[in-house]
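What follows is a set of notes on a single structure, which appears directly below.
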Protein chains: 2
Amino acid sequence: MQEVRAGKREQILDVAGVNVIEKGFAATSIEEIIVEVGITKSGFFYHFSDKNELAKALLQRYIDMEEDIFRDIETRAYELNDDPLHGFLISLKLLAELAEDLPNGHPGCLIASYCYQSQLFSADIRDLNAQALMAWRMRFQRQLEKIAKTYPPRMEVDLADVADMLSAVADGGIILSRVMHDKSILPRQVMLYREFIKALFITH
Amino acid sequence: MQEVRAGKREQILDVAGVNVIEKGFAATSIEEIIVEVGITKSGFFYHFSDKNELAKALLQRYIDMEEDIFRDIETRAYELNDDPLHGFLISLKLLAELAEDLPNGHPGCLIASYCYQSQLFSADIRDLNAQALMAWRMRFQRQLEKIAKTYPPRMEVDLADVADMLSAVADGGIILSRVMHDKSILPRQVMLYREFIKALFITH
DNA sequence: TGTTTTACTGTACCCTCGGTACAGTTGACT
DNA sequence: AGTCAACTGTACCGAGGGTACAGTAAAACA
């Protein structure tokens, strides 16, 4: 078997993942993927019936990875401080540090990337994308509502919007970092969002 | 002359602009553009030496249009209230209303779209993109510093970050709106940023 | 009025890429 | 020994980006 290391399917996803984030899905040719992996075109189509299947697998893997990251951060944060507000503030600090430690900055958000190429993909991929953002909203909103029980919000805001704002600031921060070639922007934006959370829940 | 209405060059940019925002640059074929405009391939290459030139013209036009919109909003806002803080808050309200009134939601930010396809473009296009974001930062930062003179900030924040946050929230809000099929997200995010500005500068 | 320029059209061609089809091969497992 | 998973090899199709270059109709200029 040619499966020298870790299976070609995973290697295809690795290579495709990097290239899609770099130049977009349409501009990532199957040709360049198979060359980089060291595989034939037949090999590629053995694993994925068409390019759309690759896109779906890529997105699913990305969503699962992000889910893992958020779950880990949340777990660690509430281990350090089980108060809902301070746990959340620690989560945000950990998130900012994670972004800061990436050597070349955040590589990019696949959901944002797909968003601007959505017409290329089938409806189920667009649904997957929407579900992922909805899951993030739920995750953050749940924590915010827990906070609000002990710390009544000092402004009249919809906590779903506040939850969405973290996704927005993160996706926007990634774009700013990439375009302006300044990887510090993303972690700074996360920390600024953290200031907003403090202003929203803490009385001074 | 076949120039029945408004010049083919502008029509090419109109059609390409819509399609690029919808499905990305690489996925927008010259073929479909010329069919929609009613022109031949030769006609296309008469106006643009290659696809990269189209991308550049498209981006430049987009940046100029956004510049006009921001300038108009700023002018109108400070006509209504010449206090720096309240003028800025009115700007944000006007911006949110503008986003709300778009029948199909915001079509998308070309800068964000290009960001995830940057490897397709020449260095001067990437520079143009970075300059545009820098111009937005300067525009907002200038206003924030004016505010800070009369209203000392109630948190320790870098005003350049606060300025960037508007770009981030806007770009992120557009992505969330598009992916989640909810055009209200973008205006709500802008209004939430407005709450942050109030919390940052107003003492209660 | 003649000439030049602008804004295209028409034709023909090359290369890359996504995708299809299908037969063959190789190593692991049963 | 036979089956199956994971490929390779070959051959081909159509769409799309891009090139090259000759021709043309109308407007602008001199």
Side-chain angles (χ1 to χ4, degrees), chain A residues 1-59 61 113-114 117-122 124-125, chain B residues 1-59 61 113-114 117-122 124-125:
Chain A
M1 213 184 267
Q2 287 77 358
E3 191 188 347
V4 183
R5 23 160 290 190
K8 298 294 184 187
R9 196 190 139 94
E10 279 304 306
Q11 284 185 55
I12 291 171
L13 288 172
D14 288 342
V15 170
V18 172
N19 290 6
V20 167
I21 280 291
E22 276 296 311
K23 19 182 233 184
F25 187 76
T28 300
S29 71
I30 294 176
E31 199 65 33
E32 70 190 59
I33 296 172
I34 64 177
V35 168
E36 211 171 327
V37 172
I39 208 180
T40 61
K41 200 182 250 191
S42 314
F44 175 89
F45 284 104
Y46 171 75
H47 289 295
F48 304 99
S49 63
D50 57 17
K51 230 187 157 190
N52 194 71
E53 281 301 309
L54 173 68
K56 203 196 290 184
L58 222 45
L59 182 58
R61 203 178 70 144
S113 171
Y114 277 25
Q117 301 166 47
S118 54
Q119 296 307 312
L120 294 177
F121 307 122
S122 59
D124 54 340
I125 289 187
Chain B
M1 215 184 269
Q2 287 77 359
E3 190 189 350
V4 183
R5 25 159 290 191
K8 297 294 184 186
R9 197 192 139 93
E10 280 304 306
Q11 283 185 57
I12 292 171
L13 288 172
D14 288 341
V15 170
V18 171
N19 291 6
V20 167
I21 281 291
E22 277 296 310
K23 17 184 233 183
F25 188 75
T28 300
S29 72
I30 294 177
E31 199 63 33
E32 69 191 61
I33 295 172
I34 64 178
V35 167
E36 212 170 325
V37 172
I39 208 180
T40 61
K41 201 182 250 193
S42 312
F44 176 88
F45 283 105
Y46 171 75
H47 289 294
F48 304 99
S49 62
D50 57 18
K51 230 187 158 191
N52 192 71
E53 281 300 310
L54 172 67
K56 203 195 291 183
L58 222 47
L59 182 59
R61 204 178 69 144
S113 171
Y114 277 25
Q117 301 166 46
S118 55
Q119 296 307 314
L120 294 176
F121 307 123
S122 59
D124 53 341
I125 289 186

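Numbered from 1 within each chain, the chains take letters A, B, ... in sequence-line order.
- For the pair A:His47 and D:dA6, the criterion of a side-chain N or O lying under 4.0 Å from OP1 or OP2 is not met.
- The backbone N or O of A:Lys41 lies less than 3.5 Å from no partner atom in the side chain of A:Tyr46, so there is not a single donor-acceptor pair.
- Contact of A:Thr40 with D:dG9 (side chain to base): no donor-acceptor pair of N or O atoms is detected under 3.5 Å.
- The distance between atom CZ of A:Phe44 and atom P of D:dT10, rounded to the nearest whole Å, is 21 Å.
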Please table the atom pairs, donor to acceptor, closer than 3.5 Å between any side-chain atom in residues 23-31 of chain B and protein atoms at least two apart or in another chain.
{"residue": "B:Lys23", "atom": "NZ", "partner": "B:Glu32", "partner atom": "OE1", "Å": "3.0"}
{"residue": "B:Lys23", "atom": "NZ", "partner": "B:Glu32", "partner atom": "OE2", "Å": "2.7"}
{"residue": "B:Thr28", "atom": "OG1", "partner": "B:Asn19", "partner atom": "O", "Å": "3.4"}
{"residue": "B:Thr28", "atom": "OG1", "partner": "B:Gly24", "partner atom": "O", "Å": "2.7"}
{"residue": "B:Ser29", "atom": "OG", "partner": "B:Glu32", "partner atom": "N", "Å": "3.1"}
{"residue": "B:Ser29", "atom": "OG", "partner": "B:Glu32", "partner atom": "OE1", "Å": "3.1"}

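- Atom C1' of nucleotide C:dA7 and atom CD1 of B:Ile34 are separated by 16 Å, given to the nearest angstrom.
- Checked by atom type and distance alone, the side chain of A:Asp14 never pairs as donor or acceptor with a backbone atom of A:Gly17 at under 3.5 Å.
- Rounded to an integer number of Å, the gap from CG of B:Asp50 to P of D:dT19 is 6 Å.
- Regarding A:Ile33, its CD1 atom lies at a distance of 11 Å from the P atom of C:dG19, rounded to whole Å.
- Contact annotation: B:Tyr46 does not reach the phosphate of C:dC8 (side-chain N/O to OP1 or OP2, under 4.0 Å).
- Heavy-atom minimum distance, B:Val20 versus B:Leu58: CG2-CD2, 3.8 Å.
- A donor-acceptor pair under 3.5 Å is formed between the side chain of B:Tyr114 and the backbone N or O of B:Ala55.
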Tabulated below should be each protein N or O lying under 3.5 Å from an N or O of nucleotides 15-17 of chain D; please produce it.
{"residue": "D:dG17", "atom": "OP1", "partner": "B:Ile30", "partner atom": "N", "Å": "2.9"}
{"residue": "D:dG17", "atom": "OP2", "partner": "B:Ile30", "partner atom": "N", "Å": "2.9"}
{"residue": "D:dG17", "atom": "OP2", "partner": "B:Glu31", "partner atom": "N", "Å": "3.3"}
{"residue": "D:dG17", "atom": "N7", "partner": "B:Lys41", "partner atom": "NZ", "Å": "3.1"}

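- No side-chain heavy atom of A:Arg61 sits less than 4.5 Å from a side-chain heavy atom of A:Lys56.
- Between A:Asn19 atom CG and C:dC17 atom C1' the separation is 15 Å, expressed in whole Å.
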